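Worksheet: the structure to be examined is printed underneath.
In this text the structure is predicted, and so the values were computed from the model without any measurement. Just so it is clear, the values below take in all heavy atoms, side chains as well, and ignore hydrogens, waters and symmetry mates. Proteins come first, then strands; the chains are lettered A, B, ... in the order of their sequence lines, and each starts at number 1.
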Amino acid sequence: MTTPLNSDRTAVNSIPNTSRITPELVAEHGLKPEEYEHFVKLIGREPSITELGIVSAMWNEHCSYKSSKVWLRTLPTKSPRVIQGPGENAGVVDIGNGLAVVFKMESHNHPSFIEPYQGAGTGVGGILRDVFTMGARPIAALNFLRFGDCHNVKTRRLLAGVVAGIGGYGNSFGVPTVGGSVGFHKRYNGNILVNAMAVGLARADEIFYAAATGVGRAIVYLGSKTGRDGIHGATMASAEFGADAEEKRPTVQVGDPFAEKLLLEACLEIMKAGCVVAIQDMGAAGLTSSAVEMGAKGGLGVELNLDAVPCRETGMTAYEMMLSESQERMLMVIADGKEDEAEAIFRKWGLDFAIVGRTTDTLRFVVKHNGVVEADLPIKELGDQAPEYRRPYEEPLPRPVVAPEDVRTNASVADALERLIASPDLCSKRWVWEQYDHLIGGNTVQRPGGDAAVVRIEDGPKALALTTDVTPRYCEADPFEGGKQAVAEAWRNLTAVGATPIAVTDNLNFGNPEKPEIMGQFVACVKGIGAACEALDFPVVSGNVSLYNETNGKGILPTPAIGGVGLIEDLHKSMTLAFKAAGEPVLLVGK
Amino acid sequence: MKPAVILFPGSNREQDAVRALRLVAGAKPQVVWHAEHELPPGTDLVVLPGGFSYGDYLRCGAIAARANIMEAVRAHAARGGLVLGICNGFQILCEAGLLPGVLVRNARLRFVCREVLLRVERADTAFTKAYRKSDLIRIPVAHGEGNYTADETTIARLEHDGRIAFRYARRDGQIDQTDGPNGAINGIAGIYSEKFNVLGMMPHPENYIEPEIGPTDGRGLFESLAGALKAA
Amino acid sequence: MKARVIVTLKSAVLDPQGKAIEGALRSLGVAGVQSVRQGKVFDVELAGNDRASAEGALKDACDKLLANTVIETYKVEFAE
Amino acid sequence: MKARVIVTLKSAVLDPQGKAIEGALRSLGVAGVQSVRQGKVFDVELAGNDRASAEGALKDACDKLLANTVIETYKVEFAE
Ligand SMILES: Nc1ncnc2c1ncn2[C@@H]1O[C@H](COP(=O)(O)OP(=O)(O)O)[C@@H](O)[C@H]1O
């Protein structure tokens with residue numbers, strides 16, 4: 001393809017729309033009237049339908065963090081080890097010997113509720129891609145799960161489906177799933193939590209980033225073909241695209257771990273060959289957010305030619321292609337003159353490879369389809385000037401502390417112990433982790449079942465300790481203390497296996513932030529997490545926020561999951577929790 | 001010893017196999033791409049590693065069994081060359097007709113990753129000389145479709161010819177009929193070809209070779225191979 | 001009474017299995033294959049002889065368990 | 001041309017999946033289910049219009065790949 005550079009720097013005056021951009025259409029795209037006005041002012045005219053789709057994807061909560069950003073900025077994110085903090089596909093931390101650990105956690109709550117197997121599987125797929133886009137080979141996966149009342153038939157189906165889905169994806173992809181957490185509470189009845197964490201290993205000086213550099217370079221589409229998966233704006237869409245829209249627009253994607261495994265190998269090979277200038281995975285809001293982020297971060301314009309996008313279905317519109325959430329896809333900027341070499345590697349792995357655009361010096365995001373300009377937007381504003389809210393919040397009132405002597409029970413210690421062991425939250429989770437291949441790679445020193453998993457780094461003696469923690473009912477009782485406690489628990493689980501805690505990722509799962517009491521929980525939890533991370537010199541290097549988690553109009557328990565990573569210098573000195581011999585003293589540390 | 005480890009799209013335990021051959025057998029395995037037509041000259045052992053070749057779509061191992069390189073593997077086996085198929089490799093060998101029977105979904109319909117006890121059924125083959133007959137060894141399994149089955153005549157013939165390599169066993173050495181990991185008939189975890197030069201097994205000896213990681217009962221298999229191929 | 005339920009992925013849903021099989025058939029030289037989509041079939045034996053009530057039961061079975069209508073559609077057939 | 005290939009387990013082969021579904025349907029209260037066996041269906045799009053040659057190609061596909069005749073049987077159907 002030889003798309004000429006977009007040399008004229010002025011935006012087009014208008015792009016004709018077949019249907020009018022009504023307030024209803026705007027609302028169906030999840031934009032508030034004032035957000036839409038802000039956008040119209042930015043571009044100086046009425047947007048095209050494709051442009052409306054693009055901005056709705058960029059400015060939604062999930063992509064823009066508009067409700068949470070101000071608070072996330074308060075978290076400590078630096079330490080001498082941190083190579084890359086929040087803002088990229090994943091966090092990067094130096095672990096010595098020229099190596100870095102790359103990790104992040106992400107939620108897939110809603111899709112997993114609708115289609116547990118595929119929803120959970122594609123959640124794992126997404127987070128693995130975040131890690132290997134940065135040049136890291138995934139070496140471990142974890143997951144943090146919360147379900148409703150375990151006596152519900154629905155809960156059992158969801159649990160079985162989610163666990164099978166996580167295993168189905170991770171096992172096939174070939175990453176050991178070494179840890180996680182499973183819990184139950186009726187407040188998750190209508191809104192389960194499925195948070196997946198991935199951890200990868202890379203050379204510290206060979207990390208790949210999303211920011212594009214260099215004008216006129218090829219932007220390449222890699223991986224699986226694009227279909228009409230997960231396109232938003234459903235109601236609008238049915239009006240615009242005919243009555244079979246429902247059939248056309250599955251809201252849940254089907255994962256293809258096999259394609260992902262090939263994508264991993266092809267990406268790492270192409271990176272090693274020096275072909276890659278910038279790379280971004282196509283996650284939520286696929287082509288839109290990946291292309292805009294590459295341009296906005298790199299201070300460059302991007303021009304896409306959608307005619308070149310490999311499609312799985314016929315007759316896809318620009319709108320659909322820009323918003324498709326098809327899985328197992330990547331966008332890359334290729335080094336000058338390396339296009340053929342890169343293509344050969346991808347073809348060998350049986351994957352699609354197409355030059356779909358160029359970087360430009362115009363700072364505009366231009367999308368062409370069938371020779372027509374479908375979108376022409378200022379890229380920086382789209383990427384960086386999303387609305388940001390300081391939402392009103394209520395300072396949460398911590399629940400009164402319960403004194404032990406106020407708790408009346410006639411249960412004997414033995415009965416109480418039995419009940420504790422039998423409770424779904426505390427019982428053995430073997431049924432879960434036996435469905436995950438936790439041994440592949442031959443580096444799993446400590447398997448699920450302990451305080452933290454331990455995974456050897458290359459041939460040792462170094463190892464990583466990994467854990468996910470939070471106790472939601474603490475966060476409900478006192479969000480600030482609960483946030484602190486989650487960090488402290490992760491820290492303790494890491495130190496208990498002999499690791500030095502080095503950094504965390506988080507997944508902040510809350511209800512509707514437009515409710516001041518929920519926003520209050522969020523703010524206090526973040527403050528608690530920040531305070532604990534500060535005190536422990538335990539920086540947050542990546543994370544994810546999942547809001548609007550509600551069951552029948554009531555928020556889930558506030559659930560800021562913490563994923564902790566620790567470093568063990570010599571795995572021979574790491575510890576397990578099993579008692580080693582009879583007759584040895586048992587010590588209690590702390591008060 | 002000149003092992004070749006075959007890499008199919010979707011294989012994922014090939015490096016585990018390479019490490020075991022390197023650390024235990026002192027070999028320098030070659031990794032061979034499935035689209036090749038020939039094995040490297042002098043190959044004396046072919047390893048089909050674990051994984052999900054072609055996503056295990058359709059049936060596990062079915063698509064990989066039809067890959068180019070499998071003709072060369074077939075010829076190598078026909079000459080009496082050694083072939084080891086682990087997990088997905090075992091499934092591929094069955095689908096390719098190099099071993100009889102088929103591996104279907106685990107009886108409990110779930111993927112299972114756990115340590116099992118295997119009873120070594122004979123210690124006089126190229127794969128098991130480093131063990132003793134009836135040894136109980138600890139090896140992990142990690143599969144969703146490891147439930148070995150075949151028609152009655154085939155099973156009878158395998159039993160009669162002593163071609164069962166390993167069985168899932170209990171601590172007392174009896175066959176694990178009820179609580180095996182996958183419901184395989186007669187507790188079958190691995191079988192030999194007629195000439196005992198091809199072994200397919202579901203468990204992963206390659207993951208149990210280093211004391212830092214866990215038990216090391218898998219070493220015997222690779223030590224046996226090293227011994228057999230040195231002697232040859 | 002015997003019935004057969006066929007569950008297939010909706011046409012726009014990605015079918016990784018079908019795609020892999022398609023590729024394999026091509027490379028095996030099977031002539032003329034343009035596309036393959038994989039689905040599931042359930043052969044169900046039902047009590048009684050009343051077709052209408054059997055059909056009701058099977059629809060129920062599909063909605064509750066056999067198919068996830070977010071991504072799949074189903075069809076019930078009866079043997080003559 | 002569209003064709004459908006149905007692959008089912010031979011009747012002597014145990015079908016744990018079918019059994020599990022059977023149990024699940026019973027506990028969901030679906031009426032009258034006596035037994036369930038699960039199989040696979042492949043919807044194949046073929047070039048050309050010659051039924052006989054298409055049938056040949058599909059038999060070929062089944063024997064080479066789609067069915068494992070150790071445990072499965074297959075049937076080819078054409079859409080009208
Ligand atoms: N979803 C899961 N995936 C993998 N391992 C899990 C999962 N849930 C729990 N585990 C493992 O089971 C063990 C106990 O989990 P949990 O009850 O949450 O323990 P703790 O409260 O000590 O963190 C841990 O080793 C954990 O890694």
Side-chain angles (χ1 to χ4, degrees), chain A residues 137-139 160 163-178 255-266 328 348-351 430-449 454-456 458-461 463 570-572 574 576, chain B residues 7-20 22-24 31 33-35 49-58 60 63-64 86-88 106 108-116 139-145 181 203-216 218:
Chain A
R137 180 176 285 277
I139 60 163
V163 169
I166 290 171
Y169 206 102
N171 299 345
S172 174
F173 176 83
V175 64
T177 300
V178 295
D256 185 355
F258 171 58
E260 177 114 327
K261 165 73 171 162
L262 303 182
L263 192 57
L264 162 76
E265 299 299 343
E328 291 90 24
K348 175 183 124 191
W349 288 99
L351 294 165
R430 199 171 69 117
W431 183 89
V432 173
W433 48 257
E434 271 194 358
Q435 296 186 57
Y436 305 148
D437 189 339
H438 47 267
L439 297 174
I440 185 169
N443 286 318
T444 309
V445 182
Q446 280 200 44
R447 305 175 190 188
V454 176
V455 178
R456 180 173 64 178
E458 294 185 335
D459 288 330
D570 180 357
L571 65 91
H572 300 96
S574 85
T576 61
Chain B
L7 181 61
F8 299 96
S11 295
N12 61 27
R13 259 188 174 85
E14 74 281 0
Q15 287 309 322
D16 304 32
V18 166
R19 178 191 267 141
R22 191 163 50 84
L23 293 183
V24 186
V31 175
W33 184 237
H34 71 111
F52 285 70
S53 56
Y54 295 92
D56 272 358
Y57 297 147
L58 185 60
C60 51
I63 300 180
I86 304 171
C87 198
N88 196 225
N106 294 350
R108 292 205 183 91
L109 305 177
R110 291 192 295 271
F111 188 95
V112 57
C113 178
R114 77 155 90 116
E115 180 178 301
V116 297
I139 304 283
V141 294
H143 59 245
E145 298 176 81
H204 289 284
E206 77 278 26
N207 283 139
Y208 265 15
I209 55 161
E210 293 174 276
E212 314 191 302
I213 300 297
T216 54

Side chains of A:Phe258 and B:Pro9: closer than 4.5 Å at any heavy-atom pair? yes
Sort out for me which of A:Leu439, A:Val454, A:Asp459 touches chain B most, counting heavy-atom pairs under 4.5 Å. A:Leu439
Which pair of non-hydrogen atoms, one from B:Trp33 and one from A:Lys348, has the smallest distance, and what is that distance? CZ2-O, 3.7 Å
Could you tell me which of A:Ser574, A:Gly167, A:Ala259, A:Gly441 has the largest number of non-hydrogen atom pairs under 4.5 Å with chain B? A:Gly441
Atom group of B:Glu206 that falls short of 4.5 Å from chain A, counting heavy atoms: neither
Looking at B:Asn12 and A:Asn171, would you say the former's side chain and the latter's main chain have a donor-acceptor pair under 3.5 Å? yes
Separation between OG of A:Ser172 and CZ of B:Phe111, rounded to the nearest 0.5 Å: 9.5 Å
What's the separation between atom CG in A:Asp437 and atom NE2 in B:His143, rounded to the nearest 0.5 Å? 11.0 Å
Between CD of B:Glu115 and CZ of A:Arg447, what distance do you get to the nearest 0.5 Å? 6.0 Å
Checked A:Val175, A:Leu262, A:Val163, A:Asn443 vs chain B; the most non-hydrogen pairs under 4.5 Å come from A:Asn443
If one checks every heavy atom of A:Thr444 against chain B at 4.5 Å, the contacting part turns out to be backbone
Bottom line for B:Tyr54: the part with an atom under 4.5 Å from chain A's heavy atoms is both
Non-hydrogen atoms of A:His572 and B:Glu212 that approach each other most closely: NE2-OE2, 2.7 Å
Best-contacting candidate, A:Ala463, A:Gly442, A:Gly350, A:Gly174, against chain B by heavy atom pairs under 4.5 angstrom: A:Gly442
Part of B:Gln15 lying under 4.5 Å from any heavy atom of chain A: neither
Chain B contacts, top residue of A:Lys261, A:Arg430, A:Gln435, A:His438 (heavy-atom pairs, under 4.5 Å): A:Gln435
Given side chains that start at C-beta, do those of A:Ile440 and B:Arg13 come closer than 4.5 Å, heavy atoms only? yes
